[in-house]
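These notes concern the structure reproduced below.
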Amino acid sequence: MKLASKYGEVVQESLQALLEDQSFLPNFKDEDRENAFKSLESILSTPNQIQKSFLRVPLENGKILRIPAFRVQHNNAVGPYKGGIRFHETVEEDEVINLATLMTLKNALHDVPFGGGKGGVVINPREFSEKELHTISKTYVQNFCDILGPDKDIPAPDVGTGEREMDWMMGEYKTIHPGRPYRGSFTGKSQVNGGSLGRREATGKGVYYTLRYMLHNFVKENEEWFKRNDNRFAKTALEHSDRPLTIGIQGFGNVGSVAALESYSCNYLDTKVVAVSDRNVTLYNGDGLDIKALIEFTSNHEGDLPTTEEALSEHEIKAEIQEREDVLYLDTDVLILAALEDQIHEDNVDQVKARMIVEGANGPITLGADRKLSEDGVLVIPDILANAGGVIVSYFEWLQGRETQFYSEEEVFSLLFKKMKETMDEIYPQFFNDPFALRQNCYIHTVMKLSNILYRHGKLY
Ligand code: NAD
């Protein structure tokens, strides 16, 4: 069967590797085994449900728009569907399916008891007034209200949406379903509406933590083993451990700026952020950028970095202004990708110099470019592992909403790191011992977890 989604291709490779491993699902032999794997492939490669709707939205100028909107429910074997709602003009059905698939795989990998879903509305939110965005958010809930709910499908923010939209949407859900539990119907809400402390920082903190845990904890604790290890990725990790590291970060929004701040204030690794970029520019300083000053600047300039010499000198920020894409090609030890999909592709992969890359964004490297990086021993910490902090803390928010007991920020981060450490401890020993890249290794683990659950549900035959 041809798999539709980008993530589906990696799932297929993982299934192929598992088919040959007779210790996995040992009860299935010969033809039964082939059939069980075909069931797995079709379940994991196709969503359970795709709903498309046109939101009827009266604009302030009197016109009426019908805006395409989606909710894809990929799989709920592990728990209710979970995934963000994106407001962006390029949203299309295949992209939403891809992202919903990734959510199923990501949640299972980290033992978060949710399935995978995703939503999208085809608009550029910058072109609408606050009142119109409120109507769009409410209409989205009205049109999809039958399939949403705290035990069915729990949306969260994504590109173009935030706590304001989640508050509006939860409010509408409550109006449509009076008397029913509603706090767990959306996550990423404001604190007054039951949002969790630490949700905003969770993804960026988790992204940096995967790097820190690999280099500071895992490699150091197993140093002798790493020195004897011929695995190409083990060599890359060892080369980066216990020495000063320079970092470039693409994207300086929620994920990128928090990852930058983690690096800036990290006491475990000797890292220096020398370059950051956003939709306009790359800023470079070989001695290290003043991350706190840049965050202060962006918070007063609608999220944008300074783009002129005057703005830099007025705010006493020392940096060279370079082209937007330059951050990808600078000679840094580590590159954190925290902007958009498909940023490193077959046509530019040869210009990338960093030997370690962390995916803060979803799918920032194309499959072809990923294969090339892997052959060259470049160690990529993939999205499925690195950027799960947001959904993990969303799970804590959902739990807190049920218990109406709230955790302190310190408790949230400690639980977050504990959960991510458990996943990494499960994966890193095998990864540094076998020929697969870390992405494939994570997929093999998550496909095994999902397969065992589906087998016990009696879905493989
Ligand atoms: P954001 O909107 O806060 O920030 C995006 C940043 O990317 C901004 O600095 C923007 O200027 C920059 N950017 C836009 N176009 C660019 C371009 N062409 N080149 C360089 N930079 C560009 O978004 P975010 O919440 O930080 O999310 C970033 C990525 O991480 C997205 O792909 C998102 O899906 C993914 N992600 C986010 C979370 C989360 O919790 N926020 C969780 C998982 C994955």
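The chain is numbered in sequence order, starting from 1. Counting starts at 1 for both ligands and their atoms, in listed order. Predicted model, so just to flag it, every value in this text is computed and none were measured. All values below were derived from every heavy atom in this structure, side-chain atoms included, with hydrogens, water molecules and symmetry-related copies excluded.
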In residues 115-122, what donor-acceptor pairs under 3.5 Å come from side-chain atoms, sequence neighbours left out?
residue : atom : partner : partner atom : Å
Lys118  : NZ   : Asp158  : OD1          : 3.0

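- Here Tyr182 and Tyr173 keep their ring centres 6.0 angstrom or further from each other.
- At least one side-chain heavy atom of Cys145 sits under 4.5 Å from a side-chain heavy atom of His177.
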With ring-ring contact (aromatic ring centres under 6.0 Å, His included) as the test, would you mind laying out the steps for Phe233 and Phe431 before giving the verdict? CA-CA 8 Å; Phe233 300 115; Phe431 161 59; 5.4 Å; yes

Distance dump, ligand 1 polar atoms to protein, N/O, under 3.5 Å:
residue  : atom   : partner : partner atom : Å
ligand 1 : 3 (O)  : Asn254  : N            : 2.9
ligand 1 : 9 (O)  : Phe252  : N            : 3.0
ligand 1 : 9 (O)  : Gly253  : N            : 3.2
ligand 1 : 11 (O) : Arg279  : N            : 3.0
ligand 1 : 21 (N) : Asp278  : O            : 3.3
ligand 1 : 26 (O) : Asn254  : N            : 3.1
ligand 1 : 26 (O) : Val255  : N            : 2.8
ligand 1 : 32 (O) : Ala339  : O            : 3.1
ligand 1 : 34 (O) : Arg86   : NH2          : 3.4
ligand 1 : 40 (O) : Arg199  : NH1          : 3.4
ligand 1 : 40 (O) : Thr203  : OG1          : 2.6
ligand 1 : 41 (N) : Asn254  : ND2          : 3.4

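- Under the 4.5 Å side-chain criterion, counting only non-hydrogen atoms from C-beta, Leu261 is in contact with Lys292.
- For the residue pair Arg199 and Ser394, a side-chain donor N or O sits within less than 3.5 Å of a side-chain acceptor on the partner.
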